[in-house]
Trainee: 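Structure incoming, see below.
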Number of protein chains: 2
Amino acid sequence: MKRRPTIIDVAKKAGVSKSTVSRVVADGGQGVNDETKERVLQAIDELGYVRNAIASSMRTDRTNLIMLAIPDITNPYWPEVARGVQDVMDAEGYAVVFANSDWDEERELEYLEMARRNRLDGILINPVQVSSAKLESSGIPTVILGTREAYSAFDRVGADSYVGTKTAVQHLIDLGHRRIGMILGQLDIKSKDSRRRGYVDILKDAGIPLDEELITTVPFTRAGGEAGFTTLFQLGTPPSAIFCANDTIAIGALQAAYAAGVGVPKDVSIIGLDDIDAALTTNPPLTTISKPKYDIGKQAALFLLEHIQGAAPSFPRKLQLAGKLALRGTTTQK
Amino acid sequence: MKRRPTIIDVAKKAGVSKSTVSRVVADGGQGVNDETKERVLQAIDELGYVRNAIASSMRTDRTNLIMLAIPDITNPYWPEVARGVQDVMDAEGYAVVFANSDWDEERELEYLEMARRNRLDGILINPVQVSSAKLESSGIPTVILGTREAYSAFDRVGADSYVGTKTAVQHLIDLGHRRIGMILGQLDIKSKDSRRRGYVDILKDAGIPLDEELITTVPFTRAGGEAGFTTLFQLGTPPSAIFCANDTIAIGALQAAYAAGVGVPKDVSIIGLDDIDAALTTNPPLTTISKPKYDIGKQAALFLLEHIQGAAPSFPRKLQLAGKLALRGTTTQK
DNA sequence: AATAATTGCGGGAACGTTCCCATTATAGCA
DNA sequence: TGCTATAATGGGAACGTTCCCGCAATTATT
């Protein structure tokens with residue numbers, strides 16, 4: 001294995017000191033006159049010198065690497081968020097390490113340890129079970145994806161599910177629906193669900209009495225959506241419209257309706273939340289609240305850059321990006 | 001900023017040399033007796049020492065980092081491949097940096113440069129335009145995702161689109177179809193298309209004459225699929241079945257059929273390639289050839305590990321994983 | 001019992017860069 | 001003209017770990 005040229009080799013060839021080469025390579029030539037700089041760049045070219053970021057990191061304690069820790073990259077919500085993160089960080093010279101927590105605390109902790117060991121400059125995480133204290137004690141700048149109150153000590157960026165839910169249910173009310181079902185997704189985390197609050201509040205605003213039997217809770221899967229639809233349609237008076245906690249559930253409900261010979265949107269309107277890719281491929285295409293996934297990733301990355309660069313305010317921020325109604329084919333007037 | 005404890009601090013506290021601490025931390029205690037090892041581990045615990053992987057890398061020239069370079073993480077084909085890569089590398093203690101080439105050579109080259117600068121241990125890449133010579137000159141162990149002949153000097157892992165196409169068209173033939181259309185996807189790369197070869201060969205095997213007007217080429221988008229369907233259905237004698245170059249095109253064709261009042265599968269059977277998530281959400285669910293995306297990622301990662309560990313054979317390997325027919329709702333007997 | 005091999009441990013040097021302080025020459029100001 | 005400030009450059013040390021060789025003690029072999 002041929003030894004790679006170092007800054008010392010470049011210095012010798014250009015007839016300058018290693019400090020001067022470093023000034024050209026790391027500081028863009030600041031403090032070096034143009035003639036000297038040219039000599040150095042030429043020597044770099046002739047030798048095929050490639051800077052060693054590991055050695056730089058030893059001295060600077062900066063790696064230009066961050067971690068994006070999410071539950072699972074194959075979940076259709078996350079690739080677009082990831083893309084927003086990557087585009088911002090890439091433009092600033094950072095590389096992004098991806099980690100899948102699989103909704104498991106032990107994995108979350110292992111990745112935290114990896115981040116510490118590798119001296120990563122920052123962490124973007126959609127935490128599942130890891131405690132806020134553990135995140136803080138890593139000593140690495142961290143921004144939370146999602147807006148859970150358990151992490152209120154950190155900057156948080158997420159979608160506003162409360163407002164998204166209200167928008168969705170308002171859309172159904174505007175279409176004349178009064179008997180509106182809701183299929184909630186079940187999480188391991190016992191959190192106060194913003195979707196439920198949004199639904200309850202918008203019904204109250206509209207003067208529609210709350211009927212608990214119109215609310216059912218299922219796993220966040222398509223099969224869960226199918227089960228939820230079946231439950232709601234076995235009621236004495238089924239709902240004329242259903243709000244689903246996310247698109248995956250909504251697609252399951254849509255498929256269950258088709259299988260049961262219930263017309264969508266003719267007999268029941270269905271609306272989701274998220275606007276994943278598949279929402280455009282159903283028949284009819286799914287009406288949903290579109291979460292700005294790319295912008296969530298982008299904004300979280302911008303917050304993290306501020307922390308890394310020491311420019312973040314000392315108080316934690318909570319940024320909730322509003323979703324927009326994506327009116328397609330699964331909702332219609334009662 | 002409090003200085004973090006180093007191996008020297010641990011050595012002092014445990015009453016041993018730094019070499020002994022290193023043997024405990026890096027070699028699992030090999031060459032250190034149990035009593036000494038326990039003293040070192042206790043000192044590590046009390047001091048909260050965290051190993052510095054950057055310093056290790058300086059000495060070992062190993063980072064335990066690899067790069068996964070793909071065109072775009074938001075393309076529904078790639079998250080599952082990525083997941084296969086991550087699960088294998090994660091289990092071996094490697095972290096994975098993700099890169100999006102956006103089908104642009106300049107970006108590909110920039111990421112290669114980043115990989116060199118950061119002394120990454122390996123590269124997994126679905127190359128678009130970057131040359132084989134450039135990949136070789138990086139000096140970093142590299143495995144190709146996909147099986148393009150332009151990269152025959154490297155180990156390659158991909159799906160067998162030739163066999164996949166033959167399987168799909170054979171399925172249509174078995175259902176009695178003889179007038180079988182094909183919507184091909186257009187790439188910037190002028191490659192000999194294995195899908196086209198598979199189609200031509202299987203028709204010849206079945207004694208069905210090739211009719212060029214049954215072949216149309218569109219962009220790899222849903223809109224492309226719509227346009228391709230429209231073209232084929234404007235023929236004097238439309239096909240009774242259509243093979244689509246990937247699921248995204250197939251979903252577009254399915255939507256165009258619905259919009260044109262053409263029944264699927266009653267009036268035309270449609271089959272895709274890939275088995276992306278959305279294939280399960282169409283109505284009817286898409287019959288397709290399921291590429292083993294997770295296994296492609298996994299196998300490529302296993303090859304890369306062999307290269308990193310110096311255990312790879314000196315001849316390049318080409319591994320093509322067969323797809324399987326996923327029989328759903330868009331194909332039926334003529 | 002003597003010699004050879006193995007085990008356990010320590011200290012110096014290497015890895016490749018950045019930072020800091022010192023020196024010299026040049027430019028600017030009183 | 002003399003003094004001060006600035007620009008350009010160089011060399012030593014730091015960053016935190018691993019590797020290598022040497023030494024001493026213990027175990028195994030002849």
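Letters A, B, ... mirror the listed sequences (proteins, then strands); counts begin at 1.
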Trainee: Starting at the 5' end of DNA chain C and moving along, which residue's nearest nucleotide shows up first, Arg23(B) or Arg119(B)?
Mentor: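 Closest to the 5' end, via its nearest nucleotide, is Arg23(B).
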Trainee: Quick one: do Lys134(B) and Glu108(B) make a salt bridge, cutoff under 4.0 Å?
Mentor: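 Salt bridge between Lys134(B) and Glu108(B), a charged N being under 4.0 Å from a carboxylate O: no.
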Trainee: If you measure from the Lys or Arg side-chain nitrogens to the Asp or Glu carboxylate oxygens, is any gap between Arg117(A) and Glu113(A) under 4.0 Å?
Mentor: no
Trainee: What integer distance in Å separates Ile7(B):CD1 from dG11(C):P?
Mentor: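 Rounded to whole Å, this separation is 14 Å.
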Trainee: Base, sugar-phosphate, or nothing: which does Val25(A) touch, judged by heavy atoms less than 4.0 Å apart?
Mentor: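 Nothing, no nucleic acid heavy atom in range.
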Trainee: If you measure from the Lys or Arg side-chain nitrogens to the Asp or Glu carboxylate oxygens, is any gap between Lys318(B) and Asp155(B) under 4.0 Å?
Mentor: no
Trainee: What residues in residues 34-59 of chain B put a non-hydrogen atom under 4.0 Å from any atom of DNA chain C?
Mentor: Thr36(B), Met58(B), Arg59(B)
Trainee: When you measure only distances, ignoring hydrogens and angles, does the side chain of Arg3(A) come within 3.5 Å of the base of dG16(C) through a donor and an acceptor?
Mentor: no
Trainee: Within the structure, does a side-chain N or O atom of Ser22(A) lie under 4.0 Å from either OP1 or OP2 of dT18(C)?
Mentor: yes
Trainee: Which is it for Arg317(A) and Glu306(A) under the salt bridge (charged side-chain N to carboxylate O under 4.0 Å, His left out) test, yes or no, and what are the steps along the way?
Mentor: CA-CA 12 Å; Arg317(A) 294 168 287 186; Glu306(A) 284 179 40; 3.0 Å; yes
Trainee: Using 4.0 Å as the upper bound for N to carboxylate O, is an ion pair formed by Lys298(A) and Asp87(A)?
Mentor: no
Trainee: May I ask you to decide whether Asp102(A) forms a salt bridge with Arg83(B), counting only side-chain N to carboxylate O separations under 4.0 Å?
Mentor: yes
Trainee: Taking only Lys NZ, Arg NE, NH1 and NH2, and the carboxylate oxygens of Asp or Glu, determine whether Arg39(A) and Asp34(A) approach each other closer than 4.0 Å.
Mentor: no
Trainee: Determine the contact category for Ser19(B): base if any of its heavy atoms lies under 4.0 Å from a base atom, sugar-phosphate if only primed atoms, P, OP1 or OP2 are that close, otherwise nothing.
Mentor: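 The residue Ser19(B) makes base contact.
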Trainee: Choosing from dC9(C), dG10(D), dT17(D), which nucleotide comes nearest the side chain of Val32(B)?
Mentor: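 For Val32(B), the side-chain atoms sit closest to dC9(C).
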Trainee: If you take all heavy atoms of Met89(A) and Ala301(A), which pair is closest and at what distance?
Mentor: SD-CB, 3.8 Å
Trainee: Between the two end axes of the helix from dA1(C)-dT30(D) to dA30(C)-dT1(D), each built from 5 base pairs, what angle do you get to the nearest 10°?
Mentor: 20°
